[in-house]
There are 2 protein chains.
Amino acid sequence: MDKRQENSPRRATLRDVARAAGVSHQTVSRAINDKGEIDPETRRRVLETARQLHYRPSRYARGLVRPGLVTVGLIVPDVVNPFFPEFIAGVIQAADAQDWQVIVASTESDRRRELPLVRSLGRQVDAVAGYISHTDAELAPYAEGLPLVIVERGPEPSLNGTVRVDLAAGVRAAVAHLVERGHRRIGMIDCESVCDPHVRRLTFLAAAAEHGLPVGEEWIARGAQSMDGGAKVFAALHAAHPDMTAVFAFNDLVAIGAMREARQRGLRVPEDCAIVGFDGLSIGELLDPPLSTVHIDKRRLGELAMEQIQALLAGEAPTPAVLPPTLLVRGTT
Amino acid sequence: MDKRQENSPRRATLRDVARAAGVSHQTVSRAINDKGEIDPETRRRVLETARQLHYRPSRYARGLVRPGLVTVGLIVPDVVNPFFPEFIAGVIQAADAQDWQVIVASTESDRRRELPLVRSLGRQVDAVAGYISHTDAELAPYAEGLPLVIVERGPEPSLNGTVRVDLAAGVRAAVAHLVERGHRRIGMIDCESVCDPHVRRLTFLAAAAEHGLPVGEEWIARGAQSMDGGAKVFAALHAAHPDMTAVFAFNDLVAIGAMREARQRGLRVPEDCAIVGFDGLSIGELLDPPLSTVHIDKRRLGELAMEQIQALLAGEAPTPAVLPPTLLVRGTT
DNA sequence: TTGTATGCGTTATCAT
DNA sequence: ATGATAACGCATACAA
């Protein structure tokens, strides 16, 4: 599995330099690390031969003898999906604040890569955080003693660190907002998702009931998590309920698809049909009109993950972090 | 500068486990690494005590005695700017293909962080690649012997690995396309940039001249690299040249701003004013109409960077890589 | 100012 | 099947 460094013409070591320069390896060490107590001339000579030999200190040997930098591994399903860069940025920023390093790895949305990745990455770092869909039990044999923070998995308890978004609160906020705007016939575009199997849908139904809306299962349709999926589902909903005045979408991507489809069908947004997305992607801002959405502070999510890691590394059992999303009213409602 | 791992209650070592389990450290090593030649019962017992002691192998000690995994450092100015995630993805993907790891670091667009970052990151990895604005000379003292790949710096030669986009070709393609579409009065929105001080502007002027367009310096205005900047510059250009029928923008972000401003002024895009961006961000696809642009294959850019690193690591002097962009005609022209 | 000796935590070799 | 011993490359205390 692990491809190793070409050990072609073995890298020069401190002793190689010492030999070539006619001094002891200790002197070379002094020169390299810029310690005092060394003749400037010797220093110069040593540094010169080091350069010629392409000497570079071994990070392993150094790490062994000095307290090592903390390095955390970060696992995301996809680096390009606009949701994750901000999350990654949050992690890197929080890590950076303590001079920690972050190794970013992607599963490329392939669940089968997750476990092996946790293992191999785990060997190289002090802790791992990320979007991991496997259960604690499945994880255990791959994460022997590894401090682990799992982002966005259901509310079930876990031995690992945990960060999640309060999806239900977000859904309620969206529905309440639409109702306030006078909407009663609200459709929902649902999607399949590992992270959220049913929370959005069930909460939507509950909220609709609480507000006394004439809305039930038949106002929910499910499709792929993509612009195209959103467009298709919107078409289906609109066909089934021509009197629908608003749509709540699983996330911003499908919301954008729905918006485009609505336009295709001659509907004005938001006049004829309001749309609320979920995630709060910054690209929603670029649309015309900009997309109203349930905003998740993805940077903060990353920070919270790092706080969990910090606690874990300090030997504490971190309390699960829950991030409440906020309604972001822009132009589509 | 470096914050180290809390060396609180010193981590358990192989020998600690050995002592606790009443065996030699070698036996523990066998158990941990699942080597054969060990009594299953001993194995079980050792693993158990290891778990109790929260034993985790030191990656440094391991790296020292095994040929190490290749780890490369990646420096970008910003993780969130939609240009970079795709580039990062390309790097990670190419690295992953050889089981290399990638440490991602961001300068947060702060040029002053670059040099220290190169040094500290360089100590932790086998090679570094990224957007680095400093010259070879400035870099030298911070990159002692470090294999380094610099992305997107001018065509001046370098001792380091080099990857860049053929900006001039992109500009020419954009202008040629607009001319083909019948445009002659073409404006340009320019921006300040570390990577490209003048290439876009000068090439634009040259291309305009070659095509015999009635366009000179006065058709170019410069602003901030943001949507707002794009909007403002468009406004200025439009005011100065009401007969302008097309705009070539420094990048997609300002193009989007220009597009919005054009609409504000009652212009239809592309009927009244065509717009061409630069970068080929995927968000351009979401606009209505989708943005025509000079597309840069950012994933490929990342791959090329990794190829340079590979060459460097193999001791070869890599030839600079140049990536030609391609015109992507969507809806705004 | 410079060199010698020791140890960091692991794996590998060779006994037993 | 298990254990003793020697590396790996570096830094550090101590001696010269």
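First the proteins, then the strands, lettered A, B, ... as listed; each starts at 1.
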Any chance the side chains of D136(B) and S158(B) put a donor and an acceptor closer than 3.5 Å? yes
Pair E138(B)-T135(B), side-chain donor/acceptor within less than 3.5 Å: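 Yes, a side-chain donor-acceptor pair sits under 3.5 Å.
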Calculate the interatomic distance between [X] atom [atom1] and [N] atom [atom2]; express it in whole Å.
X: Y60(A); N: dC8(D); atom1: OH; atom2: P; result: 17 Å
X: R19(B); N: dA4(D); atom1: CZ; atom2: P; result: 13 Å
X: R59(B); N: dC8(C); atom1: CZ; atom2: P; result: 19 Å
X: K35(B); N: dT10(C); atom1: NZ; atom2: P; result: 15 Å
X: R45(A); N: dT1(C); atom1: CZ; atom2: P; result: 15 Å
X: N33(A); N: dT12(D); atom1: CG; atom2: C1'; result: 11 Å
X: L64(B); N: dA12(C); atom1: CG; atom2: C1'; result: 13 Å
X: R15(A); N: dT4(C); atom1: CZ; atom2: C1'; result: 11 Å

Taking only distance into account, with no hydrogens and no angle test, what donor-acceptor pairs under 3.5 Å do side-chain atoms of residues 26-33 of chain A form with protein atoms, sequence neighbours excluded?
from	atom 1	to	atom 2	distance (Å)
T27(A)	OG1	S24(A)	OG	3.4
N33(A)	OD1	R62(A)	NH2	2.7

[N], OP1 or OP2 - any side-chain N/O from [X] closer than 4.0 Å?
X: R66(B); N: dA12(C); answer: yes
X: S24(A); N: dG3(C); answer: yes
X: T27(B); N: dG3(D); answer: yes
X: S29(A); N: dC10(D); answer: no

In terms of heavy-atom contacts, F84(A) and P77(A) come closest through CZ-CG, 3.4 Å
If you take all heavy atoms of L64(B) and S58(A), which pair is closest and at what distance?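 The answer is CD1-OG, 4.2 Å.
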Toward the 5' end of DNA chain D, by each residue's nearest nucleotide, H25(B) or V65(B): H25(B)
Distance (rounded to the nearest 0.5 Å) between L69(B) CG and D126(B) CG: 9.0 Å
Mind checking I38(A) for me? I need base, sugar-phosphate or nothing, with any heavy atom below 4.0 Å counting as a touch.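 Sugar-phosphate only.
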When you measure from every atom of DNA chain D, which of residues 47-55 of chain B have a heavy atom less than 4.0 Å away? none
Between R43(A) and R62(B), which has a closest nucleotide on DNA chain C that is more 5'?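 Per heavy-atom nearest nucleotide, the more 5' residue is R43(A).
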Please evaluate residues R111(B) and S133(B) with respect to the criterion side chain to side chain donor-acceptor pair (under 3.5 Å), reporting the C-alpha separation (whole Å), side-chain torsions for both, the decisive distance (0.1 Å), and the verdict. CA-CA 7 Å; R111(B) 198 163 176 279; S133(B) 61; 2.8 Å; yes
K298(B) to F83(B), cation-pi by 6.0 Å centre distance and 45° axis angle: yes
Between R113(B) and D96(A), does a salt bridge (charged side-chain N to carboxylate O under 4.0 Å, His left out) hold up when you go through it step by step? CA-CA 12 Å; R113(B) 300 185 57 170; D96(A) 200 63; 2.4 Å; yes
Kindly give the atom pairs (protein nitrogen or oxygen, nucleotide nitrogen or oxygen) under 3.5 Å for nucleotides 13-16 of chain C.
from	atom 1	to	atom 2	distance (Å)
dT13(C)	O4	Q26(B)	NE2	2.8

Flag side-chain contact, heavy atom, 4.5 Å: R45(A) against V23(A):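 Yes, at least one pair of side-chain atoms sits under 4.5 Å.
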Closest to the T42(B) side chain, choosing from dT2(D), dG3(D), dT10(C):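 In terms of side-chain proximity for T42(B), the closest of dT2(D), dG3(D), dT10(C) is dT2(D).
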